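Working notes for the structure below.
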Amino acid sequence: MTTVVELPTPTVVAPRSRRRALRRVLRNPLAAAGLVVVVVVLAAAALADLLAPYPFDLVDFDATLQPPSLAHWFGTDELGRDQLSRVLHGLRVSMIVGVMSVVLSLVVGVPLGLLAGFYRLLDPVISRLTDTLLAFPFLVLAVGLAAILGPSLTTATVALAVGLLPLIIRVARSETLRLREMDFVAAAVADGADDLELLRRHILPNAVNALLVQATVAVPLAIIGEAILSFLGLGVRPPIPSLGVMIASAQPLFRDGPWLAVIPGVAIVVLTLALNLFGDGLRDALDPRELRR
Amino acid sequence: MPSVSLLLRRVAVLVVASALVTTAACGPLDDNGDGGDPGDQDRPIRPGGELRVALAEEPDLLDPTLARTLVGRIVFVSICEKLYDVDQDLNLVPQLAAELPDVSEDGLTMTIPVREGVMFADGTPLDAEAVKTSLDRHRELDGSARASELASVDSVESVDEMTVQVTLNAPFAPLTATLADRSGMIMSPTALAEQGEDFGTDPVCVGPFRFSDRVAQDRIEVVKDPNYYDAENVHLDQVTYRIIADSTTRFNNLRSGDVEVLERTAPIDVAAVESDPSLQLISSESLGYQGVTINVGNADGITEPPGPLAGDLASPLSESNVVRQALELSLDREALNQVVFVGQYSPACGPISPASPLSSDAAQACSEHDPAAAMDLLAQAGIETPVQVDMMIGTDAQARRLGEAIQAQAGEGGFDIQLNPTEFSSALDLADQGNFQMFAIGWSGRVDPDGNIASFLTTQAPLNTAGYSNPEADRLIEAARASTDLNERRQLYGELHSVVRPDAPIIYLYRQKNLTGVVDTVAGVEVFGDGLVRLAHAGFVEEAE
Amino acid sequence: MGRYLLRRLVESAVTLVLATMVVFLGVRALPGDPARTLAGEEADPVAIDEIRRQYGLDQPVPVQYYRYLENLARGEMGDSLRTGLPVTETIRDALPVTLQLAVFSLAVAVLIGIGTGVVAAVRRRGPAEWGANTVALLGLSIPNFWLGLMAILVFAIAFPVLPASGFVSVFENPVESFRHLLMPSLVLGTGLAAVVMRQTRSAMLESLSADYVRTARAKGLSGAQVVLSHALRNSLIVVVTIVGLQLGGLISGAVVTEQIFVLPGFGKLTIDAVFTRDYPMIQGVVLVTAAAYIGINLLVDMLYSVIDPRIRVGGAAL
């Protein structure tokens, strides 16, 4: 639930070296395995409508609480719905909320961070706001926001994005602070580049590595965050399945249908572990210190 | 001539007895508030011990005048006795009063004799003056949650040391039942004088136990009160109420032996309790109901006169009672009960519990599940199907499950229900504002059916979130409330049901049961239809040591 | 130096004031009327108005905010709308619970995190590093509410060796306290272990490549001696500081962990207060959390500026 990002030491990373970094990631077997799992889950989630053997909301009162079988690989729940289909759709919700909330926090946070790092006048304002948000624990912030906005998929996404926002702003800001002092920026200024051009063409591209690392850490966090919000009843609307909702519903049924609580939990773990393994590999690969060894 | 209440009591016994043999129109009636397995609860008890009870929610302020939560009453039953109480058949019986009240012929004066030889936990003797002090505080204190319950009371006087006379501004048959709840709790006048508004942080009343300590969000401790008039029959030294909100966690704590008594066992856990030889289950029919409230005319909020809904909220469902009847036909109460509550609850078709002495066949009249007929009704009325409609539900797993089951069933009857999970706080607000189409909600129930009906179905009543208004219903509710004749009241409530049912502002679906889980080593726990867990005579059984 | 400290102090104060505003407005942005929620089933409009008046909720928001600050300055946070008990008293009861849970969890996180971190740093590129990595990341990847449920089902129900819920203070009964906190702190600690592991690994890598370690190696000290006596010791300072910054993460995790194990601590208090719209309580607990976080951040920054003026910590806690 918690992380501290190690920033790469100052250097300029060109796109070509980024491609090399990706190759380095894939040479790390754990990261490569993580990537494969993530891609498979992504594909399964995207094709959930095709892959799911049943509609996720098909209620069958004659087939409730069936243990896993050939007809229902993951069994059925208390309303007779096919768990495999629900897990597939649940993974889709996880991926959508996980990725979209990170994208949203990047869209809002990166410009703010760039501005804070670039303009000394704006820095105190943006930094105080960031500190204020940071002073509230991620989940408290997300739960509060979700309660304010009312439970839904959009709400969960927004709430988690706000929770992640201070992290993104911080990284973007400190990268900008660092890059602003670099020689190539001074050279660009000498060539007559204006502020916007500096930020867009020189600073942002070089901050991408750090942001990328931060984003890969944030996605699994957001996925777990979504599960927790749903578990607390602040997530997606039924009957759309969310893995957190499935665990919450299965909790009282553990005796009659242990698979109902175990399978969605394992699904979350597999997905987030894969993302974390890949993210860890990516960080190592993008961290130039690795090159020295 | 016998007093009304005495009469009421006698008839009540008769009705309950007959309810056991007649089959209610809607669904079978099993366990009739008889306290489950009395054999197990009758074993010899050793004195002493600490009993731990898991509560489903945190009680609010423990001040009888200001308290509002249902769960608070479970703690009060141990520490604050009332003028009247109910017995296991839901008959009203005297508790701190010596007898049932003597009501004058015009129904405007009620004479209550006070029980002799009773002392509050602080040693102050109970007398008529103490009763008057408490009743006046209930009626007059700023922010009193009792004031509206006692609105029919004009004045309270102590006629002699041990007799209280209550004057009413209009006949109000449910008053004795009201005095069997928090409005009838008598607080120590000494403690009231000392603590004033802070009474709730250290309440002093008459009860088998007295308040000892409270740690917010964790526990409330009460200890045996040596001043209690029946102290020799109280076995336990201490009761600790532990607050455990989640039903699964609560049940896990019972199974792991971390608590001995479990209030509100989830239906889904009943099988496990029954199959576990170290656990016992006490089951009693609840007095409340659960169902779906439909916004039929709450256009501008609950305090405004009802009118037609506008904008997105308007739908055939709010405009036509035929559509609502079709919705009711499409719902299968028995299947809901089976699927969502593993058959532990009872189907319900109206606001009055079949266990109530005022229930009748007419009050239990019900429609059969028939989705085809529902489709026909909609077709005849020229309604385009599927009828799109939103339903607010709670955010917990059980509310979701119920919502999904209703959604699936209504789908077969030509309805497309969108589920809208809403936190309880927001939902109450939206319901009051009239900003909803359907709301899956219920009512915990009161001993007198008036408490289940008047506030919900009378035009512009405080809980009439449906915005329902029918002059005929208003008239019947008022008549039933004013009548002092039990048979007449029963008949009026039957008539009322036949008037309201076709309008279907509320589709009554099921009636919960008070399911109390108790470990095998404990006996003497009593739970009646009001759902309170009575521990005055509970204790650990002899052979346990 | 003095100027830097002064600036940090002012910044922290500004952040704290902003935090009170965010909490105050956030609480009032919650849908649902606290008076109505409190009235619960029994919604008598007169009584609801009376509750509003009693708690000053009928006043304009700026007036309410001013009163709130006024009370705060006197150290008062009002009474809980739910229980009627003073918020400060409730917080005082809840604080030790969460602190003890935090200490236990940090112990778990440090044990797992430093162990795996050292292995990952010393045994580069091989099954040992992969294993250490996976163990640490697994902790980060398991949703702790699910882990908690599974743990209860296994260790409290199937094999009843540990209590399913509740709290016993370590000062009252150390053995019982340990039994009650074992599961919650394992659940919470595993999530933090990955952070500790990452810090340990990178700090270790840094010190292993430092000159004095090379010198020590050159002097013929064995690998283990170098790792333990030099590299690890020097890395610990950084690690311990970073760990100290995990308060936010701990409270986040505690929100769910306390809910599942029914620990009457801060996280549970916060969530319960949000769901019951207990305004004074939400304001109280969230503000104390925020103040603690801001305070710890300030402390760490100051420590750092004393130890090594070059380091500015980017302590990002989720």
Side-chain angles (χ1 to χ4, degrees), chain A residues 1-7 28-30 124 127-129 131-140 143-145 147-150 163-164 166-167 170-171 174 218 220-221 224 227-228 231-232 243-244 247 251 254 258 261-262 264-265 268-277 280 289 292-293, chain C residues 11-12 14-16 18-19 22-23 26 29-31 124 130 133-134 137-138 140-147 149-150 153 191-192 194-195 198-199 202 205 209 242 245-253 255-256 259 267 270-271 274-275 282 286 289-291 293-294 297 314-318:
Chain A
M1 188 128 328
T2 310
T3 186
V4 171
V5 174
E6 304 154 40
L7 297 178
N28 173 346
L30 283 180
S127 289
R128 282 302 73 70
L129 290 177
D131 279 358
T132 309
L133 280 185
L134 257 185
F136 303 108
F138 173 63
L139 252 187
V140 173
V143 165
L145 265 175
I148 288 173
L149 300 172
L164 295 170
L167 297 187
R170 275 204 162 193
V171 173
S174 61
L221 264 175
I224 291 183
I228 293 174
F231 181 74
L232 293 173
L243 298 172
I247 294 172
Q251 201 187 341
F254 193 79
V262 173
I268 298 179
V269 175
V270 168
L271 176 56
T272 49
L273 182 60
L275 280 163
N276 277 325
L277 284 172
D280 221 41
R289 272 178 297 184
R292 282 185 257 130
R293 271 170 251 213
Chain C
E11 279 177 4
S12 301
V14 172
T15 308
L16 193 59
L18 283 175
V22 170
V23 177
L30 285 169
R124 300 278 297 155
W130 300 338
N133 251 336
T134 311
L137 288 179
L138 196 62
L140 193 66
S141 306
I142 302 181
N144 58 12
F145 71 94
W146 183 71
L147 187 61
L149 291 178
M150 295 295 133
L153 289 167
L192 286 176
V195 181
R198 280 177 181 165
Q199 291 300 332
S202 71
L205 287 176
S209 65
I242 297 291
L245 273 173
Q246 299 307 315
L247 179 89
L250 269 176
I251 297 272
S252 263
V255 163
V256 180
Q259 206 67 251
T270 314
I271 296 298
V274 169
F275 283 132
I282 307 176
V286 178
T289 312
Y293 180 81
I294 293 168
N297 249 326
L318 269 188

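Here the structure is a predicted model, which means the values were calculated and not measured. Every chain is numbered from 1 and lettered A, B, ... according to where its sequence line falls, protein lines coming before strand lines.
In this structure A:F136 satisfies the ring-ring contact (aromatic ring centres under 6.0 Å, His included) test with no other residue, sequence neighbours excluded. For A:L30, the side-chain contact (heavy atoms from CB on, under 4.5 Å) partners are A:N28, A:L277, C:W130, C:N133, C:T134, not counting sequence neighbours.
Contact count versus chain A (heavy atoms, under 4.5 Å) is highest, among C:V256, C:V274, C:L149, C:V255, for C:L149. Between chain C and the residues A:L129, A:V140, A:I148, the largest count of heavy-atom pairs under 4.5 Å involves A:I148. Taking C:I142, C:L147, C:L138, C:L153 one by one and counting their heavy-atom pairs under 4.5 Å with chain A, the maximum is reached by C:L153. Per-residue heavy-atom pair counts under 4.5 Å with chain C were compared for A:L271, A:I268, A:I247, and the maximum is reached by A:I247. For the set A:V262, A:V143, A:V270, the entry with the most heavy-atom pairs within less than 4.5 Å of chain C is A:V262.
In this structure, the portions of C:L18 lying under 4.5 Å from any heavy atom of chain A include both its backbone and its side chain. Interface remark: C:I282 contributes no atoms to any contact with chain A (heavy atom separation under 4.5 Å). Using a 4.5 Å cut-off between heavy atoms, C:T270 contacts chain A through its side chain alone, with no backbone atom that close. Both the backbone and the side chain of A:A261 come within contact range of chain C, with heavy atoms under 4.5 Å apart. Proximity to chain A is limited to the side chain of C:I294, based on heavy atoms less than 4.5 angstrom apart.
Separation of atoms OH (C:Y293) and CG (C:L16) is listed at 14.0 Å; rounding is to 0.5 Å. The line from OG1 of C:T15 to CG of A:L134 is 10.0 Å long, rounded to the nearest 0.5 Å. The line from CD1 of A:I224 to CZ of A:F138 is 9.5 Å long, rounded to the nearest 0.5 Å. Atom CG of A:D280 and atom CG of A:L275 lie 12.0 Å apart (nearest 0.5 Å).
A:S174 contributes a side-chain N or O that, together with a main-chain N or O of A:V171, makes up a donor-acceptor pair within less than 3.5 Å.
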